[in-house]
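See below for the structure under consideration.
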Amino acid sequence: MSEKTLQHRIDGPDDAPVLVLGAALGTTWHMWDRQIPELTRHWRVIRFDLPGHGGSPAHAATSIAELADRLVATLDALGVERFGYAGCDIGGAIGTQLALTRPHRVTSLALVSSSPRYGTADAWRQRGVVIRTNGLDPIARTAPEHWFTQGFAGAQPAIVEWAVQMVRTTDPGCYIAACEALASYDVRSSLGRVGVPTLVVVGSEDQVTPTTDARSLVAGVPDASLALVPGTSHLAPVEQPAAVTELLIRHFTTAWHDKPGPGGQAAIGAAAPKPQIAPPPPPQAPPAAIESGLAQPEQDRGGTYEAGIKIRREVLGDAHVDRVQAAADDFTGDFHDFITRYAWGETWTRPGLDRRTRSIITLTALVARGHHDELALHTRAALRNGLTPTEIKEVLLHTAVYCGVPAANSAFAVAQRVIREETTPEG
């Protein structure tokens with residue numbers, strides 16, 4: 001198996017239509033085990049593992065598009081042209097990506113515990129910082145409370161332990177890469193282009209991808225229906241295998257009908273084709289602001305601004321950039337535009353140095369000049385760019401020699417505070 005394909009397993013008759021199943025982040029294809037006996041009566045089922053999951057090779061992928069490309073390469077190698085697709089969590093994101101970019105390949109789609117945008121980019125990159133510092137054990141220990149209802153977890157200790165071990169045995173680098181993929185994933189404005197019948201399945205108690213996320217998918221996809229599974233959390237195929245299996249069979253074998261689902265759960269279908277929902281137009285800036293350059297239309301700012309704002313958000317975080325932009329006024333707007341274009345759009349985007357190296361240089365310069373507020377900001381950025389606390393410590397030790405002990409002493413106090421805030425696991 002090459003870096004361009006995915007570890008996979010095939011069950012069911014060779015001559016049956018193909019159904020592909022995508023697993024959740026931190027799980028393996030075994031999360032679908034309870035569905036296989038019934039699904040293989042109708043389909044040739046292909047399951048795949050994410051990179052670094054379930055013993056698969058640790059060839060990290062940092063975007064949903066790259067994961068979708070690897071799945072297509074895997075199916076091409078198997079001679080599979082057309083297929084139905086059901087995915088849970090990040091597996092749902094891969095399915096949506098396929099429906100958007102390979103519409104001729106996907107016949108129908110089921111999105112289980114999925115969303116058009118999973119949380120916030122800052123939260124996913126923060127999770128990467130925590131894993132890089134503490135390993136996957138904190139994530140593994142808290143996985144059951146996010147994946148299962150309290151009653152199910154209490155009644156099924158063996159499944160809870162299985163879930164914990166799945167996360168613990170995942171390659172940390174590949175998990176972090178998947179977090180980065182989810183950080184940059186946002187298809188809210190593209191859902192209207194999903195042109196296949198789509199079933200959206202959500203557990204009523206899911207706090208990871210709640211019912212509001214499911215309803216956003218249904219509102220955006222022209223031919224979509226919603227099935228709500230009562231008393232179920234995020235890993236619905238594991239917690240309610242029979243109900244999810246029945247929903248998948250009904251969706252992939254017949255047109256979806258607006259009637260109660262198995263076990264009394266509510267199945268809410270789309271009564272009529274839904275108009276595509278377009279994002280509202282950006283607010284118009286006052287003429288004076290436009291003239292000053294504060295709210296200069298983005299099409300007039302040039303490619304350096306677009307590149308700069310993208311990398312500025314990736315390195316410093318959406319929350320910081322949003323605060324800066326909200327606080328900008330006639331006096332400060334031009335300065336922040338200048339920073340975005342020249343510091344971020346022309347310097348940080350240059351290919352000669354990677355982001356880790358640029359973070360090291362930036363930390364050193366800020367220590368030398370005693371810019372402690374900026375040092376705190378860029379310590380956070382350094383963690384997001386892949387530096388570990390140990391590496392940051394070494395950078396500051398080095399500055400003690402060349403920038404002076406007092407400067408390094410102050411820098412250690414700033415960095416220590418930030419590292420504690422950023423790397424302490426929740427809960």
Side-chain angles (χ1 to χ4, degrees), residues 22 24-25 61-69 71 85-103 106 108-127 178-203 206-228 234 236 268-284 298-299 306-307 309-314 317-323 325-326:
L25 177 60
T62 57
S63 71
I64 299 300
E66 184 178 356
L67 289 168
D69 288 345
L71 176 56
Y85 184 95
C88 180
D89 184 77
I90 193 174
I94 295 170
T96 304
Q97 180 73 18
L98 289 170
L100 290 170
T101 60
R102 281 22 179 248
V106 182
S108 52
L109 186 64
L111 305 176
V112 182
S113 305
S114 299
S115 176
R117 182 172 186 256
Y118 294 77
T120 67
D122 287 353
W124 285 111
R125 292 185 174 120
Q126 171 66 21
R127 184 182 293 194
C179 290
E180 183 64 33
L182 289 171
S184 59
Y185 177 79
D186 186 351
V187 295
R188 289 175 294 180
S189 63
S190 304
L191 291 176
R193 295 193 291 107
V194 175
V196 296
T198 301
L199 170 66
V200 178
V201 180
V202 62
D206 189 351
Q207 301 301 310
V208 179
T209 50
T211 54
T212 51
D213 288 3
R215 293 183 187 281
S216 295
L217 287 168
V218 173
V221 175
D223 184 9
S225 302
L226 175 64
L228 182 70
H234 191 57
I268 306 117
K274 298 169 290 302
Q276 297 184 18
I277 300 175
Q284 295 296 314
E298 292 191 0
Q299 61 269 28
E306 295 300 323
I309 199 67
K310 179 178 182 293
I311 196 170
R312 192 180 186 188
R313 287 184 175 277
E314 289 174 355
D318 287 333
H320 170 78
V321 176
D322 288 344
R323 284 195 301 270
Q325 291 185 330

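Counting begins at 1 with the first residue of the sequence.
At least one donor-acceptor pair under 3.5 Å links the side chain of Asp206 to the backbone N or O of Val208. Within the 3.5 Å criterion, the main-chain N or O of Asp89 finds no donor-acceptor partner in the side chain of Ser113.
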What's the verdict on side chain to side chain contact (heavy atoms under 4.5 Å, CB included) for Ile90 and Ile64, showing C-alpha distance, side-chain angles and the deciding distance? CA-CA 8 Å; Ile90 193 174; Ile64 299 300; 3.7 Å; yes
Steps toward salt bridge (Lys or Arg N to Asp or Glu O under 4.0 Å) verdict (Lys310, Glu306): CA-CA 6 Å; Lys310 179 178 182 293; Glu306 295 300 323; over 6 Å; no
May I have the step-by-step check of side chain to side chain contact (heavy atoms under 4.5 Å, CB included) for Leu71 and Gln97, ending in yes or no? CA-CA 11 Å; Leu71 176 56; Gln97 180 73 18; over 6 Å; no
Between Thr198 and Asp223, does the side chain to side chain contact (heavy atoms under 4.5 Å, CB included) criterion hold? Intermediate values first, please. CA-CA 6 Å; Thr198 301; Asp223 184 9; over 6 Å; no
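At a threshold of 4.5 Å between non-hydrogen side-chain atoms, the residues Val202 and Asp213 do not count as touching. With a 4.5 Å cut-off on side-chain heavy atoms, Tyr85 and Val196 do not count as touching. Here the side chains of Asp318 and Thr120 are not in contact, with every heavy-atom distance at 4.5 Å or above. Side chains of Ser114 and Thr209 form no contact here, defined as non-hydrogen atoms less than 4.5 Å apart. With contacts defined as side-chain heavy-atom distances shorter than 4.5 Å, the pair Arg313/Asp322 qualifies. Within the 4.5 Å cutoff, side-chain heavy atoms of Arg102 are placed close to those of Asp69.
Atom CG of residue Leu182 and atom OG of residue Ser63 lie 10.5 Å apart, to the nearest 0.5 angstrom. Atoms CD1 and CD, from Ile309 and Glu314 in turn, are 11.0 Å apart once rounded to the nearest 0.5 Å.
Among all heavy-atom pairs drawn from Val194 and Pro222, the shortest one is O-CD, 3.4 Å. Of all non-hydrogen atoms in Tyr118 and Trp124, the two that sit nearest each other are O-NE1, 2.5 Å. For Leu199 against Ala227, the heavy-atom pair with the smallest separation is CD1-CB, 4.0 Å. Closest of all the heavy-atom pairs between Pro116 and Leu191 is CB-CD1, 3.9 Å. Closest approach of Thr211 to Gly203, counting heavy atoms only: CG2-O, 4.2 Å. The heavy-atom pair separating Ala68 from Ile94 by the smallest distance is CA-CG2, 4.1 Å.
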